[in-house]
Amino acid sequence: MVVVLDLRKEEVSRLGPRVLVVTDTERLAAGQQSLQEVLSSRLVRSVLVVALGPEPRLPPALNGESRRVLWVGDPCGILWNADTGEAAHGPETSSEAILIDLLSQPEVFDQVVGELGEIPYGTASPGWRIVAGRIDPEVLAQAFTDVADRFAGPPQQDPGLFGSPLATALPVLSGSADLPADLLDALVPDGRMDRLYRQARDRLDRAGRALDDLGYFSTAPVRAAVADEVIAAGRALAEFRDAVVRLFAEVDQGDEDAPAVLAANGVKFATPAGMGHAEIVAELHADVDSALAERRSLMRLVSRLRALADQSAPIGSAAFVPGCGRRCPDELLNELHAPAEFPRGLVNRFVLWRRSRDWWRQQLSLGPARTALDELRSLLERVAASEWTLGQARMHTSDAARTIAATLAEICAQVSATLYDWSSAEAGQAAAAEALDEEVTVRLRDRGGQLREVITGDLLDAVTGWLEPGWPALEHGDYRDARTGLERRVDETLRQYRYHLVHRGVQEKPDFGTADAGRQELVDAVWRQSQQVVRALQAPPGGQMLQLCGDRDLSLLLRQAYAVRFAPRAVRGQGNPPGVVWTRSGQYAGTLRLVPLRPGTVEENWSGDGA
């Protein structure tokens, strides 16, 4: 990092290994003390001074072999060919900001400091031929608006299910997969509910056998015994149904005494392996990361998580009480409690007797009773699995999914609002400076769609980092803590990303980036196909360039030059000249020319007191 210290605006406040001091020649004497503080600090490894003004007057603090000074006689500059001496008017706009921005790149700073060490008196006049990589403000403003619209869009339905090949808990808990067979085996053998079920089953079997054994010559007492068996079976069925209803109505998976009540009734209650809080959150984490990596819409992901929360939330066993009545209605029990009588007067012929017995079997409703009994047990086992055994896991899944959905919705709102602000700010910016070639900027104007995709991909990568601190909290059920500090994290990352886009450009992946996001394709189409970039990197140091001095200052310069060639490292490839400094910044590519001053120039304009 390069610390920029402008002595025209502020005193020394912070220092670092690299310090770029900016001032004008008239204030250099007044800044003697500040310069001395910088040069003598143990924190500082190298200092580069940019002195702006008509005469290169330097104070005593800059005397010695460690002097590294760039003298800018006129920040608007003049077009000058150092080999031939030909000069022409340059642009009428100041290039000071571009020079400071260029020297703020650590790689360029170090190279310039090194070159000045080879130049007499460590002082030179800078010039350049540079291609600007800045995105046109209007194009960038539109890209920010488009990306903001994506983040601010209304929730969209996502039919996708949380059922990746690695997921085992979420498909079951959300109802998109059948309950495992071992979970449906919910009754403890010889436990209370199992005994009630077997008692009713045995009674129904006895009634059925008694009816099967009824013969043509059976007497009225025998037929009465069959009816008694049916009544007993009805009572056993009613007892089982009532026990199921009471359990459904009284037991809630969140109650502290629920495990004891269920154990007393012979119902299994234990969270199965692989369905704990940690496993559930791990599957959610993996699925959300996968969606972000695949660049899916955040609002679709929000809808998907909300749907998961709704699907997995337990509704309570009490909601299944009416289902008991539908499976085993009171009308069926009434028929069992008061069975129809065997028809009289039709037994004198065997055929009519057999029809009478079949009619009686139908009226006794033993078949529907057995069906009702089995359906009641099946309902009990499903409810025991989904509402009691998996109740805590389903509740945790629902709360965790809803928390993540709310977190993503908050992120979307904050990101979209920030991007709209950025768009407004960019819309008022000027286009690329006249002091720079604009071919790359022009090429970027036709790549708005790719630019939008790169920015979207970068921000989706950032979402992964924003969510990361909240996952451990979700594992422990601390749902509020999962969002602690979120707004600050998002704001800090967006601030860094804004700086990144301004100073490094879109072709350099940000620190939080995890994927290419289409960036390489954009670099290939814009930078590597630019002929101006090639010419700027191969420009001869003595050729025509913009020299940052006035026409009268040319007499103070030698007709020899040192070159610092630089380009974004994302552009690195075949065909580049040797010695190119590859920078993390993506704003500039080209050649910076350093022209030494004539012997005696600095001394002739320098006195011991800096006056």
Side-chain angles (χ1 to χ4, degrees), residues 8 20 22-28 48-58 68-104 108 112 115-116 119-132 134 430-439 441 532-533 535-566 587-602 604-606:
R8 300 168 299 180
L20 177 64
V22 182
T23 186
D24 53 46
T25 53
E26 293 182 357
R27 287 185 175 85
L28 272 175
L48 176 59
V49 177
V50 175
L52 298 98
E55 296 180 359
R57 296 180 296 177
L58 306 180
R68 302 291 184 270
V69 178
L70 291 181
W71 170 52
V72 179
D74 183 349
C76 292
I78 188 171
L79 294 176
W80 181 52
N81 188 309
D83 290 337
T84 65
E86 296 178 357
H89 290 294
E92 299 298 324
T93 58
S94 173
S95 296
E96 176 186 342
I98 299 173
L99 178 64
I100 302 307
D101 194 18
L102 180 61
L103 296 175
S104 296
V108 175
V112 170
E115 291 293 334
L116 286 173
I119 294 176
Y121 311 113
T123 305
S125 170
W128 64 51
R129 180 172 180 179
I130 298 178
V131 177
R134 176 186 174 186
E434 297 178 7
L436 308 173
D437 290 327
E438 299 184 28
E439 185 189 13
T441 297
Q532 292 287 8
V533 170
R535 296 188 186 102
L537 284 174
Q538 296 177 349
Q544 179 173 285
M545 293 188 184
L546 178 68
Q547 197 70 29
L548 299 187
C549 66
D551 56 350
R552 295 182 179 180
D553 299 327
L554 294 177
S555 62
L556 304 179
L557 306 182
L558 293 173
R559 288 191 181 180
Q560 66 182 74
Y562 296 76
V564 175
R565 306 184 191 278
F566 54 90
Q587 296 299 80
Y588 309 109
T591 301
L592 177 65
R593 178 168 68 185
L594 304 178
V595 180
L597 277 63
R598 292 184 178 278
T601 299
V602 176
E604 291 174 359
N605 291 279
W606 172 75

Using the side-chain contact (heavy atoms from CB on, under 4.5 Å) rule, take L597 and W71 through it: C-alpha gap first, then chi angles, then the decisive distance, then the call.
-> CA-CA 9 Å; L597 277 63; W71 170 52; 4.1 Å; yes

Heavy-atom donor-acceptor pair, [X] side chain to [Y] backbone, under 3.5 Å:
X: R129; Y: Q544; value: no
X: R593; Y: G543; value: yes
X: W80; Y: L548; value: no

Of the non-hydrogen atoms in [X] and [Y], which two are nearest, and what is the gap between them?
X: D553; Y: L557; result: O-CG, 3.7 Å
X: L546; Y: S95; result: CD2-OG, 3.9 Å
X: I100; Y: S104; result: O-OG, 2.6 Å
X: V595; Y: A561; result: CG2-CB, 4.3 Å
X: L99; Y: P126; result: CD2-CG, 4.3 Å
X: R8; Y: L52; result: NH1-CD1, 4.2 Å

Distance-only side-chain donor-acceptor flag, R565 / T591, under 3.5 Å | yes

About how many Å separate [atom2] of [Y] and [atom1] of [X], when rounded to the nearest 0.5 Å?
X: I98; Y: L103; atom1: CD1; atom2: CG; answer: 12.0 Å
X: L70; Y: L592; atom1: CG; atom2: CG; answer: 7.5 Å
X: L556; Y: E55; atom1: CG; atom2: CD; answer: 8.5 Å

Test side-chain contact (heavy atoms from CB on, under 4.5 Å) applied to Y588 and D101, V108, V131, the passing residue | D101

Evaluate the side-chain proximity of Y562 to P596: yes if any heavy-atom separation is below 4.5 Å, no if none is.
-> yes

With a 4.5 Å heavy-atom cut-off, do L594 and P541 have their side chains touching?
-> no

Take atom CD of E26 as the centre, draw a 6.0 Å sphere, and report whether it contains more than 12 heavy atoms from other residues, nucleotides or ligands.
-> no

Got more than 12 heavy atoms from elsewhere within 6.0 Å of CZ, R552?
-> no

Would you sort out whether V69 and L116 count as a side-chain contact (heavy atoms from CB on, under 4.5 Å), showing the intermediate values?
-> CA-CA 8 Å; V69 178; L116 286 173; over 6 Å; no

